[in-house]
Amino acid sequence: LAKELRRLEKLKTVSEIAASISHEVRNPLTVTKGFIQLMRDPDLTEKQKELYINFSLEELDRAERTITDYLTFAKPSLHNIEILDVNKEIDYIIKVVNPFALLNNVHIDVQKDDDLSIVGEGEKLHQCLINIIKNGIESMPEGGKMSIHLKEKNGKAAISIRDTGVGMNEEQIERLGTPFYTTKDKGTGLGTMVVYSIIKAMRGDIKVESEVGKGTCFILSFPLAVEND
Ligand code: ADP
Ligand code: MG
């Protein structure tokens with residue numbers, strides 16, 4: 001229960017940080033603007049120019065990463081609610097993430113159940129699954145295997161996403177979903193926060209099992225859509 005309360009505490013802060021995220025994007029843009037203004041100077045050496053260009057590109061990359069992890073979260077409530085065929089949604093996600101997986105020597109194995117429908121917003125479900133899968137792939141720097149399974153469990157659609165990556169200890173698992181918590185050089189620490197908030201909006205549930213050095217499994221479950229709902 002204490003754990004559950006902590007999780008709820010985290011979610012409460014989510015809306016408050018919307019402002020700080022626009023800050024996260026605005027900062028690199030301001031810095032980039034500065035470098036571009038500096039480049040107007042006709043006396044710049046080639047070396048200085050090169051430096052300013054590199055700084056600018058790095059800053060723009062940072063803004064881009066923040067937006068990528070945060071994308072659909074900008075609208076905290078669900079807007080286009082529809083019945084989602086989870087099989088189809090997973091097919092779509094795999095298509096989107098496969099190039100990134102291949103680039104990182106990760107093989108994705110998918111097992112699906114037939115005809116599981118849930119209620120929600122497709123775009124948000126995509127963002128949620130992409131953020132989890134992306135983290136899984138990033139946890140396997142030497143490549144590895146990712147298994148995505150969909151099945152019906154206790155009247156819910158359960159999606160498990162398992163990686164054979166670096167894993168997490170108890171403390172790291174606890175910190176998941178906390179804004180700006182990241183262990184990566186180029187991390188935003190926004191991915192899992194977005195995941196938790198989307199799952200909450202879709203009345204779903206998330207469980208994390210992980211072992212350092214072995215890997216991690218995220219298990220998401222969503223209520224099945226009721227017929228004529
Ligand atoms: P980011 O990916 O930008 O670091 P996230 O919010 O997506 O931010 O993830 C926060 C942190 O949670 C990561 O930096 C990583 O330490 C940890 N994490 C998330 N998913 C996994 C995973 N599948 N395996 C190992 N660590 C993970
Ligand atoms: Mg991430």
Side-chain angles (χ1 to χ4, degrees), residues 3 6-7 9-11 13-18 20-25 27-28 58-74 76 93-94 96-101 103-110 124-149 159-201 204-220:
K3 242 185 193 171
R6 246 186 319 239
R7 191 71 84 200
E9 254 329 291
K10 281 180 197 167
L11 288 168
T13 62
V14 159
S15 57
E16 293 159 22
I17 58 163
S20 65
I21 288 169
S22 62
H23 190 74
E24 285 294 297
V25 178
N27 262 349
E58 258 170 45
E59 290 297 313
L60 289 178
D61 269 347
R62 199 153 76 84
E64 194 179 29
R65 281 195 301 273
T66 302
I67 292 168
T68 303
D69 278 359
Y70 184 69
L71 205 62
T72 56
F73 179 70
I93 299 295
I94 300 297
V96 173
V97 296
N98 233 343
F100 183 63
L103 199 70
N104 289 277
N105 286 315
V106 170
H107 176 79
I108 303 184
D109 166 69
V110 188
K124 289 235 161 65
L125 182 66
H126 297 164
Q127 176 88 64
C128 173
L129 293 174
I130 287 170
N131 284 3
I132 294 177
I133 295 171
K134 223 175 89 193
N135 280 339
I137 293 171
E138 286 165 355
S139 80
M140 302 184 276
E142 316 276 277
K145 192 180 148 186
M146 169 160 277
S147 317
I148 301 176
H149 290 189
I159 308 169
S160 68
I161 299 156
R162 182 185 299 277
D163 65 60
T164 54
V166 293
M168 286 175 278
N169 60 32
E170 275 295 319
E171 197 232 322
Q172 290 172 309
I173 296 174
E174 277 284 296
R175 295 188 67 181
L176 285 175
T178 312
F180 307 118
Y181 165 63
T182 182
T183 55
K184 300 169 194 169
D185 282 348
K186 293 191 167 179
T188 62
L190 294 175
T192 53
M193 181 202 74
V194 169
V195 165
Y196 283 108
S197 90
I198 291 173
I199 290 172
K200 188 190 171 212
D205 192 39
I206 182 164
K207 272 200 295 198
V208 188
E209 294 162 3
S210 191
E211 206 179 319
V212 174
K214 288 241 166 97
T216 303
C217 186
F218 281 85
I219 304 157
L220 280 53

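In listed order, ligands and their atoms are each counted from 1. Note: hydrogens, waters and symmetry copies are ignored here, and every other heavy atom, side chains too, is used.
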Undergrad: Where is the nearest protein heavy atom to atom 24 (N) of ligand 1: which residue, which atom, and how far?
TA: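 Of the protein heavy atoms, Ser139 CB, 3.3 Å lies nearest.
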Undergrad: Write out the residue and atom name of the closest protein heavy atom to atom 16 (O) of ligand 1, then the distance separating them to 0.1 Å.
TA: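 Looking only at protein heavy atoms, the one closest to atom 16 (O) of ligand 1 is Thr183 OG1, 2.5 Å.
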Undergrad: Check if Gly136 has a non-hydrogen atom at a distance under 4.0 Å from any atom of ligand 1.
TA: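 Gly136 counts as a contact of ligand 1 under the 4.0 Å cut-off.
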Undergrad: Number the atoms of ligand 1 from 1 as they appear, then name those within less than 4.0 Å of a heavy atom of Leu190, with their elements.
TA: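 Atoms satisfying the 4.0 Å criterion: 6 (O), 8 (O).
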Undergrad: Would Arg175 and Glu171 pass as an ion pair if we require N to O under 4.0 Å?
TA: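 Salt bridge present between Arg175 and Glu171.
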Undergrad: Tell me which protein heavy atom sits closest to atom 26 (N) of ligand 1, plus the residue, atom name and distance to 0.1 Å.
TA: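 The closest one turns out to be Met168 CG, 3.5 Å.
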Undergrad: Please write down residue, atom name and distance for the protein heavy atom closest to atom 3 (O) of ligand 1.
TA: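 Of the protein heavy atoms, Thr188 N, 2.7 Å lies nearest.
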Undergrad: With Ile148 as reference, evaluate Ile133, Val97, Asp109, Ile93 under the side-chain contact (heavy atoms from CB on, under 4.5 Å) test and give the passing residue.
TA: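 Testing Ile148 for a side-chain contact (heavy atoms from CB on, under 4.5 Å) against Ile133, Val97, Asp109, Ile93 leaves exactly one candidate, Ile133.
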Undergrad: Could you find the nearest protein heavy atom to atom 7 (O) of ligand 1 and give me its residue, atom name and distance?
TA: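 Answer for atom 7 (O) of ligand 1: Asn135 ND2, 2.8 Å.
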Undergrad: Is the distance from the Mg ion (ligand 2) to the nearest N/O/S atom of Asn135 under 2.8 Å?
TA: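 Yes, Asn135 qualifies, because one of its backbone or side-chain N, O or S atoms lies under 2.8 Å.
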Undergrad: Could you work out, for atom 13 (C) of ligand 1, the closest of Lys184, Met140, Arg175 by heavy-atom distance?
TA: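 Nearest heavy atom to atom 13 (C) of ligand 1 lies in Lys184.
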Undergrad: Quick one: look up the protein heavy atom nearest atom 12 (O) of ligand 1 and list residue, atom name and how far away it is.
TA: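 Here the closest protein heavy atom is Leu176 CD2, 3.3 Å.
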Undergrad: Please determine, by modelled atom types, if Asn104 and Lys134 share a side-chain donor-acceptor pair under 3.5 angstrom.
TA: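 Short answer, no.
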Undergrad: Quick test: of every protein heavy atom, which one is nearest to atom 10 (C) of ligand 1, and how far off is it to 0.1 Å?
TA: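 Of the protein heavy atoms, Tyr181 O, 3.2 Å lies nearest.
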Undergrad: For ligand 1, is there an N or O atom under 3.5 Å from any N or O atom of Gly189?
TA: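 Right, the criterion is met.
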Undergrad: Thr216 and Ser210: which non-hydrogen atoms are nearest, and at how many Å?
TA: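 Smallest interatomic distance, heavy atoms only, reads OG1-OG, 2.8 Å.
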Undergrad: In the structure I gave you, are the side-chain heavy atoms of Val194 and Ile198 within less than 4.5 Å of one another anywhere?
TA: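 They are in side-chain contact.
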Undergrad: Find out whether Ser147 and His149 are in side-chain contact, i.e. whether some heavy atom of one side chain is under 4.5 Å from a heavy atom of the other.
TA: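 Side chain of Ser147 against side chain of His149, heavy atoms only: contact under 4.5 Å found.
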Undergrad: Would you sort out whether Ile108 and Val110 count as a side-chain contact (heavy atoms from CB on, under 4.5 Å), showing the intermediate values?
TA: CA-CA 6 Å; Ile108 303 184; Val110 188; 4.1 Å; yes
Undergrad: Roughly how far apart are Met168 CE and Thr183 OG1, rounded to 0.5 Å?
TA: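 Rounded to the nearest 0.5 Å, the CE-OG1 separation comes out at 9.0 Å.
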Undergrad: If I compare all heavy atoms of Asn131 with all of Gly191, which pair ends up nearest, and what's the gap?
TA: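 Smallest interatomic distance, heavy atoms only, reads ND2-O, 3.2 Å.
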Undergrad: For atom 23 (N) of ligand 1, what's the nearest protein heavy-atom neighbour? Residue, atom name and distance, please.
TA: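 Residue, atom and distance for the closest contact: Asp163 OD2, 2.9 Å.
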